[in-house]
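Taking it in order: structure first as structure tokens, then the write-up.
In what follows, every heavy atom counts, from backbone to side chain, and hydrogens, waters and symmetry copies are set aside. It should be emphasised that the depicted structure is a prediction, and the values quoted were computed from it without experimental measurement. Quick note: residue numbers are just sequence positions, from 1.
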Amino acid sequence: MCFLDITGFTRLTQEYGDAAAARLAEQLGPIVQRTSVRYGGRPVKWLGDGVMVYFPNPGLGVTAALEMVVSVAEAGLPPAHVGLHAGPVIFQEGDYYGQTVNIASRIADYAQAGEVIVSQEVVDASAGAAVTFREVGPVELKGVSGAMRLHAASRRG
């Protein structure tokens, strides 16, 4: 599961108004749609300043997330930050539920502008992907018991 959020969306809305925020969301949509589908993913839920995307292949999800962060910046939008976690999910009525979804969201909350942060589970499931990982250490996430090993992803080479 992947969560992409725009950094500073609330501040942008306060400074420039709701219409500017709606335009930003309108620009974000095609970037996420095009990139996620190219890598086998599917946008599931739009959240105004972000989106939840399902990727059956975590390695391809990381590759897509890195591309989306770059594409968002190239489009002149405020920087995106992304969190990914791999594990079991429950699919019900067009949406995904479960601890995996919750943890992915919390990882996205932890990520800073321009970062793609992933769990150890994503690293373990990403063999062969054209990405590298740098451990950022055990991190305590809000609502998650115990520290999680998180990693910053980047493109290989």
Side-chain angles (χ1 to χ4, degrees), residues 1-10 12-13 20-136 141 148-157:
M1 294 307 303
C2 170
F3 280 86
L4 177 144
D5 292 312
I6 296 295
T7 304
F9 186 78
T10 301
L12 178 127
T13 302
R23 283 191 303 277
L24 184 148
E26 187 176 309
Q27 290 177 281
L28 179 63
I31 293 169
V32 171
Q33 181 70 34
R34 177 179 60 249
T35 307
S36 60
V37 168
R38 182 180 315 125
Y39 291 97
R42 183 174 65 82
V44 177
K45 186 185 307 186
W46 296 91
L47 308 162
D49 65 336
V51 61
M52 179 174 83
V53 184
Y54 171 75
F55 288 96
N57 179 312
L60 292 177
V62 176
T63 303
L66 290 164
E67 188 172 310
M68 285 187 273
V69 166
V70 169
S71 296
V72 164
E74 288 174 348
L77 300 172
H81 57 274
V82 181
L84 292 102
H85 183 52
V89 291
I90 295 171
F91 182 74
Q92 182 176 310
E93 297 182 22
D95 203 351
Y96 290 88
Y97 299 91
Q99 189 67 6
T100 298
V101 175
N102 298 338
I103 291 173
S105 175
R106 294 299 185 194
I107 294 171
D109 290 344
Y110 174 81
Q112 299 297 307
E115 286 187 323
V116 174
I117 302 293
V118 307
S119 65
Q120 182 65 47
E121 290 81 354
V122 170
V123 172
D124 294 344
S126 295
V131 295
T132 60
F133 300 101
R134 176 185 50 82
E135 188 164 358
V136 295
L141 299 173
M148 291 196 65
R149 287 179 62 195
L150 297 182
H151 305 263
S154 58
R155 291 179 179 207
R156 184 175 294 149

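- Arg156 contributes no side-chain N or O that, together with a main-chain N or O of Ala130, makes up a donor-acceptor pair within less than 3.5 Å.
- Considering CZ of Phe55 and OG1 of Thr63, their distance stands at 9.0 Å, rounded to 0.5 Å.
- Side chains of Cys2 and Met52 form no contact here, defined as non-hydrogen atoms less than 4.5 Å apart.
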Could you please spell out the steps behind the side chain to side chain contact (heavy atoms under 4.5 Å, CB included) verdict for Lys45 and Asp95? CA-CA 7 Å; Lys45 186 185 307 186; Asp95 203 351; 2.9 Å; yes
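- The OG atom of Ser126 sits 8.5 Å away from atom CG of Leu60, with the distance rounded to the nearest 0.5 Å.
- Side chains of Glu67 and Tyr39: a donor-acceptor N/O pair is present below 3.5 angstrom, by distance only.
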Side chain to side chain contact (heavy atoms under 4.5 Å, CB included) between Glu121 and Met148, intermediate numbers included: CA-CA 10 Å; Glu121 290 81 354; Met148 291 196 65; 4.2 Å; yes
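- What you find for Val62 and Ala153 is that their closest heavy atoms are CG1-CB, 3.6 Å.
- Side-chain contact between Val37 and Arg42: absent, with no pair of heavy atoms (C-beta onward) separated by less than 4.5 Å.
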Show your reasoning for whether side chain to side chain contact (heavy atoms under 4.5 Å, CB included) applies to Val32 and Met68. CA-CA 6 Å; Val32 171; Met68 285 187 273; 3.9 Å; yes
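- To the nearest 0.5 angstrom, Ile103 atom CD1 is 12.5 Å from Asp109 atom CG.
- Shown here for Ile107 and Gly83, the closest heavy-atom pair between the two residues is CG2-CA, 3.6 Å.
- For the pair Arg149 (side chain) and Val136 (backbone), a donor-acceptor distance under 3.5 Å is absent.
- Closest approach of Val51 to Pro43, counting heavy atoms only: CG2-CB, 4.1 Å.
- Proximity of Val101 to Val89: side-chain heavy atoms (C-beta onward) are separated by under 4.5 Å at one or more points.
- Leu84 is not listed as a side-chain neighbour of Met1, based on a closest heavy-atom distance of 4.5 Å or more.
- Nearest heavy-atom pair across Val53 and Ser36 is CG1-CB, 3.7 Å.
- Contact annotation: the side chain of Ile90 never approaches that of Tyr96 to less than 4.5 Å [non-hydrogen atoms, C-beta and beyond].
- Distance check, rounded to the nearest 0.5 Å: OG of Ser119 to CZ of Arg106 gives 15.5 Å.
- Side chain of Thr7 to main chain of Pro79: a donor-acceptor pair is present (N/O by atom type, distance under 3.5 Å, no hydrogens or angles).
- In this structure, the side chains of Leu150 and Leu141 come closer than 4.5 Å at one or more pairs of heavy atoms.
- The two residues Leu66 and Arg155 come nearest to each other via the heavy atoms CD1-N, 3.8 Å.
- Heavy atoms only, all atoms of each residue included: Gly50 and Asp5 are closest at CA-OD1, 3.8 Å.
- Under the 4.5 Å side-chain criterion, counting only non-hydrogen atoms from C-beta, Thr100 is in contact with Pro88.
- When side chains are defined from C-beta on, Leu77 counts as touching Ile31, because their heavy atoms get closer than 4.5 Å.
- The aromatic rings of His151 and Phe133 sit perpendicular to each other, their planes meeting at more than 60°, with 30° as the lower class boundary.
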